[in-house]
Amino acid sequence: MASAIPTAMERPHFIGIGGAGMSGIAKILAQRGAEVAGSDAKESATAEALRALGATVHIGHAAEHLADDATCVVVSSAIRADNPELARAAELSVPVVHRSDALASLMGGLRAIAVAGTHGKTTTTSMLAVALTELGLDPSYAIGGDLEGPGTNARHGEGDIFVAEADESDRSFQKYDPEVAIVLNVELDHHANYASMDEIYDSFETFVGKVRPGGTLVIAADQPGAVELTQRVRDLSSLKVVTYGESETADVRVHKVTPRGLTSEVTVLLNGKFLTFTVSVPGRHYAHNAVAALAAGVALGIPAHNLASALGKYTGVKRRLQLKGEAKGVQVIDSYAHHPTEMTADLEAMRGAAADSRLLVVFQPHLFSRTQELGKEMGEALALADLSVVLDIYPAREDPVPGVTSALIIDAAKAAGATVTAVHDKSTVPDVVAGMAAPGDLVLTMGAGDVTDLGPAILARLSN
């Protein structure tokens with residue numbers, strides 16, 4: 001079993017403690033008994049949740065926020081070099097630890113499942129966390145989003161399993177040495193850090209190569225990038241490879257996915273036997289995520305029928321096709337999708353759920369670099385909707401790129417036959433949507449930025 005608190009993590013200070021990945025690690029350390037402190041740019045429900053666990057959370061970044069007796073400073077790749085707390089850490093000679101190293105230290109001595117892939121990590125990690133908890137295995141977990149059920153993104157459990165979302169965006173997933181690795185898909189993204197697919201494959205190969213001797217790789221049998229990666233790592237003698245998907249050659253074969261409104265019924269062929277279970281979110285890609293979770297749990301020795309039943313208890317993650325509410329016969333759903341593949345998957349899922357109703361999308365592009373590289377494909381994905389509203393690019397950590405605007409997406413969408421409205425003032429979106437929507441319609445707010453804030457505002461405007 002793991003020690004309660006890793007060495008040098010007894011009094012950690014997190015810069016950007018409110019972030020999805022950072023807050024999860026901070027919560028686990030606080031639950032293990034560490035004296036956690038940190039800072040974030042603004043107040044949030046996450047900050048309050050951390051304080052409830054005993055953490056000290058400062059709002060704003062200032063040198064004096066770093067305590068003189070801090071044992072380390074934890075940062076993510078998003079923290080800029082000129083951060084005043086980082087400068088203070090250098091003056092005090094306080095060790096600086098990357099988020100991925102901190103997470104790796106929390107997994108020490110535990111049976112780790114690391115979930116990787118360009119899309120679907122948060123959902124698959126969450127499915128495993130819920131199912132293992134339902135089975136009484138009391139896992140620890142660190143997820144990039146909040147579960148609908150437990151309402152948190154991380155937890156320290158007393159069991160011997162640790163489930164973690166493994167982020168490829170900055171190569172940090174290469175720090176982990178799991179017993180089971182899941183690779184859902186391999187595609188080109190994170191253009192600021194990867195220049196080509198070859199670099200992506202090299203990075204994933206390194207991740208897979210860190211699986212503990214005798215461990216298992218669970219990997220998609222249908223997605224081209226995953227198939228290529230499988231061929232590249234087949235010769236690793238200490239690695240057991242388990243493929244899943246609809247391919248007839250898959251070790252865990254997806255036999256059938258039956259839509260049931262906002263849920264799905266999934267039948268798989270595993271070890272020569274058919275197994276059917278329910279997934280409480282719509283869409284074929286979420287069904288595949290559940291099958292990946294099933295295969296990973298079986299690799300740890302958990303009976304398949306028990307795990308399948310427990311997976312049915314998963315009710316979703318915030319921002320992953322999350323129903324925000326209904327007003328005047330219009331349902332408003334929120335999606336985190338920001339890459340064309342994710343957008344297409346969620347739009348197809350919603351198209352299936354909508355049946356004969358109309359699908360309206362409010363899309364906010366995320367990052368200038370991603371829009372520059374994939375704007376055309378984003379626009380083509382929007383053609384799956386009946387009507388689309390496209391906002392300005394959410395910059396996150398990036399500075400503007402000359403000539404890169406939402407117009408790249410809008411032009412591509414129109415060329416693909418989509419009906420698109422450009423909106424530059426986000427505050428006007430509720431009025432715009434209210435003018436478009438009719439009873440029976442589905443409205444999907446989509447993107448990784450603050451477009452999620454629009455759901456309640458749209459519902460309120462529809463009600464009025």
Side-chain angles (χ1 to χ4, degrees), residues 111-135 137 139 141 143 161-166 173 176 178-186 204 207-208 211-212 214-223 225-227 229-231 233-234 236 238-257 264-281 283-314:
R111 306 183 72 192
I113 303 176
V115 184
T118 314
H119 331 290
K121 296 184 291 293
T122 297
T123 297
T124 308
T125 310
S126 301
M127 288 174 167
L128 274 165
V130 169
L132 296 174
T133 301
E134 178 69 19
L135 292 173
L137 297 173
Y141 55 82
I143 308 170
I161 299 175
F162 196 118
V163 187
E165 184 171 333
F173 68 163
Y176 313 138
E179 181 174 336
V180 178
I182 297 176
V183 175
L184 303 165
N185 36 61
V186 182
F204 272 86
F207 166 68
V208 172
V211 174
R212 297 170 190 171
T216 303
L217 169 65
V218 174
I219 188 164
D222 305 322
Q223 199 271 329
V227 172
L229 180 64
T230 301
Q231 296 303 316
V233 302
R234 277 286 189 190
L236 292 175
S238 65
L239 183 71
K240 180 182 180 182
V241 177
V242 175
T243 60
Y244 73 92
E246 297 179 30
S247 169
E248 292 188 2
T249 63
D251 298 310
V252 183
R253 185 181 171 196
V254 180
H255 177 70
K256 189 177 183 181
V257 179
S264 299
E265 186 178 84
V266 186
T267 300
V268 299
L269 181 61
L270 173 64
N271 296 328
K273 297 181 180 180
F274 286 105
L275 185 64
T276 298
F277 60 100
T278 299
V279 179
S280 299
V281 282
R284 185 171 295 273
H285 63 300
Y286 288 113
H288 279 234
N289 292 160
V291 175
L294 176 71
V298 169
L300 284 185
I302 301 168
H305 62 280
N306 292 350
L307 192 57
S309 176
L311 282 166
K313 301 297 182 180
Y314 168 80

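The two atoms that bring Val186 and Gln223 nearest to each other are N-OE1, 3.0 Å, heavy atoms only. Of all the heavy atoms in Ala131 and Ala310, the pair that sits closest is O-CB, 3.5 Å. Annotation for Arg111 and Glu179: closest pair NH2-OE2, 2.7 Å, computed over non-hydrogen atoms. Considering all non-hydrogen atoms of both residues, Asn185 and Thr118 come closest at OD1-N, 2.7 Å.
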Worked verdict on Leu184 versus His119 for side-chain contact (heavy atoms from CB on, under 4.5 Å) = CA-CA 7 Å; Leu184 303 165; His119 331 290; over 6 Å; no
query = When you look at Ile302 and Leu132, which way does the side-chain contact (heavy atoms from CB on, under 4.5 Å) test go after all the steps?
reply = CA-CA 9 Å; Ile302 301 168; Leu132 296 174; 3.3 Å; yes
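Between Pro178 and Ile113, every side-chain heavy-atom pair lies at or beyond the 4.5 Å cut-off. The shortest side-chain heavy-atom distance between Phe277 and Leu294 falls under the 4.5 Å cut-off. By the 4.5 Å heavy-atom criterion applied to side chains, Leu128 and Tyr141 are not counted as neighbours. Contact check for Glu265 versus Lys256: no side-chain heavy atoms found under the 4.5 Å cut-off.
Taking the six-membered ring where the residue is Trp, Phe173 and Phe207 present parallel rings, their angle staying beneath 30° rather than reaching 60°.
Note that NZ of Lys121 is 12.0 Å distant from CD1 of Ile182, once rounded to the nearest 0.5 Å.
Of the residues His255, Arg253, Arg284, the one that meets the side chain to side chain contact (heavy atoms under 4.5 Å, CB included) test with Glu246 is Arg284. Screening Thr122, Thr123, Thr125 for a side chain to side chain donor-acceptor pair (under 3.5 Å) with Glu165, the sole residue that qualifies is Thr122.
A donor-acceptor pair under 3.5 Å links the side-chain atoms of Thr133 to the main chain of Ala129, judged by distance alone. Under the 3.5 Å distance criterion, the side-chain polar atoms of Thr243 are matched with a main-chain donor or acceptor of Asp251.
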